[in-house]
S.K.: 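Handing you this structure, nothing more for now.
Hydrogens, waters and symmetry mates play no part in the numbers below; they use all other heavy atoms, side chains included. Since we're looking at a predicted model, the values are computed, not measured.
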Amino acid sequence: MLSRTARSLYRLGFLIERTENIARILDVNSRMSIEQEAFSDLDVWSPILEITHNRDGFEEHSGQVCESSVVRLLLADADNPYSVRACIMEAREIARTARELISEEVWLHINLFYLQMERDLGRGELHHWHDFSEQVHIFCNAFHGLTYNTMVRGDAWQFMRLGFALERAHMTQRILQIKYHLLLPSTQDVGSPLDLHQWQALLRSVSGYEAYRRLYQARIEPAKVVKLLLLNPGFPRSLHFGIREVSLALRAIGMHNESQYRLYHETERFLDDLRGGAASEDIIAIGLNEYLQSVNERCHQLSMQIHQAFFDTVTVSLSDDREHSFTIQINQQQQTALDTERAAAIFTTSIGQERTT
């Protein structure tokens, strides 16, 4: 598979996951804002701007931080890469160009929702944005169902899996870290109704409230929430589950050069830390905030390694009629034919040196 094609499919999975995360967090924040009468000091809209990297310069471009301005930015602003509209537009374009690698059902599903979205948002009214947000949830869940049920488990499916799994794991970390920094006004509120209310909202933002109740059958305790969201291998939105999906996708794609081997082994080390209890010890030893920062750095590093291993380089394998073989990893460039000629020249030189010796 060409590097640019693999990049597009990885990006498609990433965008669908980002779309669902944005819609889910908006729903939860809206529910919290309705309850502001009970918690008058609760700022429910600034944290979501932090999560989506939209906090800097927001007042200058969009005015006061409130429900209407944040919702418009994250749902309908086509110029904001973290908006639902921008994500769906890019996902639709990727699906159109990679039409031969995805199933007909997946393409029709994306295209139909894109047309419906443009019709609804094109009117410029977001008074009933909750209905649109619910449609986004249904679209994303149906997308995952269609890819699972209609696509062959080849490289195309695995790169999409890789994209949504890493974004899901990274988003869970970001949500937890923003809760640690911003949602709790002061240490005096720890254990208060406000604190418990926020942890409940956090669980709902990752569809984890019912899972928590079924697993623990107890009142909400922050330590158990952290354990569920970071270390539980059976919860589909936990950090552990997401990194395991990344590892399985990398194993299915295969490793053909040194960068890909390093990426896989780094992912396995990350997974071993989550699986073997080292993460629990780290959280206790260094504190939740510091541990979440280390998780953020590791997720970012995995993202960079994925691009380097699969998208920014190309592996060329050459052989001759005497069964000599040669593999070289070169930077991905526009002039692929020129790179292949260079690889062939290196191959010829290598074989010539071998025959001379």
Side-chain angles (χ1 to χ4, degrees), residues 3 6-22 25 47-56 74 80-83 86-87 90 158-182 202 205-206 226 229-231 237-251 253 255 257-275 278-279 282-283 285-313 331-332:
S3 295
R7 185 201 301 267
S8 295
L9 293 166
Y10 171 87
R11 181 73 177 169
L12 178 59
F14 170 90
L15 288 168
I16 298 300
E17 184 61 30
R18 173 177 285 186
T19 298
E20 186 177 2
N21 287 329
I22 294 170
I25 296 172
I48 191 175
L49 295 176
E50 294 285 347
I51 293 173
T52 58
H53 306 290
N54 282 297
R55 190 66 183 88
D56 295 340
L74 295 180
N80 176 23
Y82 256 99
S83 76
C87 289
E90 185 178 351
Q158 298 296 346
F159 274 111
M160 289 171 58
R161 180 190 194 185
L162 186 62
F164 85 73
L166 185 57
E167 170 63 10
R168 178 175 295 185
H170 205 174
M171 179 60 77
T172 298
Q173 172 272 325
R174 288 197 294 265
I175 291 173
L176 267 175
Q177 192 159 36
I178 294 302
K179 156 65 178 133
Y180 186 92
H181 275 301
L182 298 176
L202 184 146
S205 70
V206 293
V226 171
L229 298 186
L230 293 181
L231 307 180
R237 293 194 170 273
S238 72
L239 175 67
H240 187 153
F241 189 96
I243 298 303
R244 186 179 64 191
E245 285 293 296
V246 171
S247 176
L248 292 173
L250 291 173
R251 188 185 308 172
I253 293 169
M255 290 148 279
N257 59 51
E258 183 179 354
S259 296
Q260 293 167 7
Y261 276 104
R262 287 200 304 265
L263 167 61
Y264 177 73
H265 289 306
E266 178 61 32
T267 305
E268 281 295 298
R269 281 195 294 269
F270 194 175
L271 188 57
D272 285 342
D273 291 342
L274 297 169
R275 184 191 295 123
D282 288 342
I283 293 173
I286 67 176
L288 177 60
N289 182 50
E290 288 73 15
Y291 177 75
L292 290 175
Q293 184 59 40
S294 70
V295 169
N296 178 60
E297 293 172 359
R298 294 183 81 168
C299 288
H300 181 67
Q301 183 65 29
L302 285 182
S303 176
M304 293 180 61
Q305 286 184 269
I306 288 172
H307 281 79
Q308 179 184 6
F310 293 106
F311 310 144
D312 297 337
T313 59
N331 291 330
Q332 180 73 15

S.K.: Please give me the minimum heavy-atom distance between A165 and G242, naming the atom from each residue.
M.R.: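 Result for this residue pair: CB-O, 3.7 Å.
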S.K.: Can you find a pair of side-chain heavy atoms, one from L263 and one from E266, that are under 4.5 Å apart?
M.R.: no
S.K.: Answer yes if the side chains of S259 and Q305 hold a donor-acceptor pair under 3.5 Å, and no otherwise.
M.R.: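 Not at all, the side chains of S259 and Q305 share no donor-acceptor pair under 3.5 Å.
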S.K.: Does some side-chain heavy atom of I175 sit less than 4.5 Å from a side-chain heavy atom of S205?
M.R.: yes
S.K.: Please indicate whether H300 has more than 12 foreign heavy atoms, meaning atoms of other residues, nucleotides or ligands, lying under 6.0 Å from its NE2.
M.R.: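 Result for NE2/H300: open.
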S.K.: Within this structure, what is the CE-CZ distance for the pair M171 and F164, rounded to the nearest 0.5 Å?
M.R.: 15.0 Å
S.K.: Could you tell me which residues satisfy side chain to side chain contact (heavy atoms under 4.5 Å, CB included) with S303, sequence neighbours excluded, listed by chain and number?
M.R.: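 With neighbours one apart ignored, the set is Y10, L166, H307.
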S.K.: Any chance you could measure E20, atom CD, to C87, atom SG, to the nearest 0.5 Å?
M.R.: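 SG of C87 is found 12.0 Å from CD of E20.
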S.K.: Between CZ of F310 and CD1 of I253, what distance do you get to the nearest 0.5 Å?
M.R.: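 With rounding to 0.5 Å, CZ (F310) is 5.0 Å from CD1 (I253).
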S.K.: Output yes when a side-chain donor or acceptor of R7 lies under 3.5 Å from a complementary backbone atom of F311, and no otherwise.
M.R.: yes
S.K.: Quick one: CG on N21 to CG on L74, what's the gap to the nearest 0.5 Å?
M.R.: 12.0 Å
S.K.: CZ of R237 to OG1 of T172: how many Å apart, nearest 0.5 Å?
M.R.: 7.0 Å
S.K.: Between R269 and D272, does any side-chain N to carboxylate O distance fall below 4.0 Å?
M.R.: no
S.K.: Atom CD1 of I243 and atom OG1 of T267: how far apart are they, to the nearest 0.5 Å?
M.R.: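 Nearest 0.5 Å value for the CD1-OG1 distance: 7.0 Å.
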S.K.: Between V295 and Y291, is a side-chain contact (heavy atoms from CB on, under 4.5 Å) present by the stated rule, with each step listed?
M.R.: CA-CA 6 Å; V295 169; Y291 177 75; 3.5 Å; yes
S.K.: Please test I283 against L230 for side-chain contact (heavy atoms from CB on, under 4.5 Å), starting from the C-alpha separation and ending with a verdict.
M.R.: CA-CA 10 Å; I283 293 173; L230 293 181; 3.9 Å; yes
S.K.: Does a salt bridge link E167 with R174, judged by any charged N lying under 4.0 Å from a carboxylate O?
M.R.: yes
S.K.: Any salt bridge linking R262 with E258? Criterion: basic side-chain nitrogen under 4.0 Å from a carboxylate oxygen.
M.R.: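 The answer is yes: the pair qualifies as a salt bridge.
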S.K.: Looking at Y264, I'd like to know if the NZ or CZ of R251 sits under 6.0 Å from its six-membered ring centre while staying within 45 degrees of the ring's axis.
M.R.: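 Output no; distance or angle outside limits.
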S.K.: Using a strict threshold of under 4.0 Å (side-chain N to carboxylate O), is an ion pair present between R161 and E17?
M.R.: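 Here E17 does not pair with R161 in a salt bridge, since their nearest N and O are not under 4.0 Å apart.
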S.K.: For side-chain contact (heavy atoms from CB on, under 4.5 Å), just list the numbers for L162 and I306, CA-CA rounded to whole Å, side-chain angles, deciding distance to a tenth of an Å, and then say yes or no.
M.R.: CA-CA 9 Å; L162 186 62; I306 288 172; 4.0 Å; yes
S.K.: Taking atom types as modelled and ignoring hydrogens, do the side chains of R298 and Q301 form a donor-acceptor contact shorter than 3.5 angstrom?
M.R.: no
S.K.: Determine whether N289 and Q177 satisfy the following criterion, side-chain contact (heavy atoms from CB on, under 4.5 Å), listing intermediate values before the conclusion.
M.R.: CA-CA 7 Å; N289 182 50; Q177 192 159 36; 3.4 Å; yes
S.K.: Side chains of L274 and F270: closer than 4.5 Å at any heavy-atom pair?
M.R.: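 Of all side-chain heavy-atom pairs linking F270 with L274, at least one is under 4.5 Å.
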S.K.: Looking at side-chain heavy atoms only, is the closest gap between V226 and L288 below 4.5 Å?
M.R.: yes
S.K.: Would you check if the side chain of N296 reaches a backbone N or O of S294 as a donor-acceptor pair within less than 3.5 Å?
M.R.: no
S.K.: Below 4.5 Å, heavy atoms only, C-beta onward: do L202 and L229 meet side chain to side chain?
M.R.: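 Side chain of L202 against side chain of L229, heavy atoms only: contact under 4.5 Å found.
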